[in-house]
*Asks:* 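Please read through the structure below; I'll follow up with questions.
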Amino acid sequence: MNYWIFKSEPDEFGIDHLATAKKQTARWDGIRNYQARNNLRDNVKQHDRVLFYHSSCKQIGIAGTMEVVKAAYPDPAQFDAESKYYDAKSTADNPRWYCVDVRLLEKYPEVISTKSLKANPATADLSIFKQGRLSIAPVSAKQWKAVQDMLAD
DNA sequence: GCCAACGTTGGC
DNA sequence: GCCAACGTTGGC
């Protein structure tokens, strides 16, 4: 089983959206970055665990955890001309973009702030801090555990 | 709302 | 295939 961190702007889609969704399950779509897409399509598997990161908001940081309930499949939004994620260059035979389905595991009582994550040596090297644009990034088992341990503090 | 960083595009 | 210009992201 692998660990990941997914980034989202909570104004668009935050952990509360997931918490109130049917079966607390939702499609994680709109990924339009190639490196993130490659991770998603090739490496994110069913039952993998995911940290939910809130970006560009008041409380930036990790808001909770999710489980991948369905591995990558073509993102329907890319074929929808009405969608802002529409991509005219993508075809059904050769889809460019992928999405997964996720289910809420745990909403943290407090968002674990970016500041505290950077202050902790075990989490300071999370790939999202090194590579800002990556909205789907791997997390090591050690980093995952370190994040869970920060809850207890 | 600003600005730095970085990914993508497009002309050569 | 390089690289400048442009657009977007994301922290402050």
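Sequence lines set the chain letters: A, B, ... in the order given, protein chains first and strands last, and positions in each chain run from 1.
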*Asks:* Going from OH on A/Tyr34 to CZ on A/Arg133, what distance comes out if it is rounded to the nearest 0.5 angstrom?
*Replies:*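 Reported to 0.5 Å precision, the distance equals 14.5 Å.
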*Asks:* Would you mind building the protein contact string for nucleotides 6-12 of chain C? One character per nucleotide, 5' to 3', B for base within reach (heavy atoms under 4.0 Å), S for sugar-phosphate only, - for untouched.
*Replies:* -BBBBS-
*Asks:* Is it true that A/Arg49 and A/Glu106 have a side-chain N and a carboxylate O under 4.0 angstrom from each other?
*Replies:*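 A salt bridge is absent here (no side-chain N lies under 4.0 Å from a carboxylate O).
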*Asks:* Could you say whether A/Lys130 or A/Arg96 is positioned toward the 5' end of DNA chain B, judged by the nucleotide with the nearest heavy atom to each?
*Replies:* A/Lys130
*Asks:* Do the rings of A/Phe13 and A/His17 sit parallel, tilted or perpendicular, given the 30° and 60° boundaries?
*Replies:* parallel
*Asks:* Are the aromatic ring centres of A/Phe6 and A/Trp28 under 6.0 angstrom apart?
*Replies:*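 Between A/Trp28 and A/Phe6, which both carry aromatic rings, the centre distance is below 6.0 Å.
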*Asks:* If the threshold is 4.0 Å, N to carboxylate O, is there a salt bridge linking A/Asp11 and A/Lys58?
*Replies:*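 Salt bridge: no.
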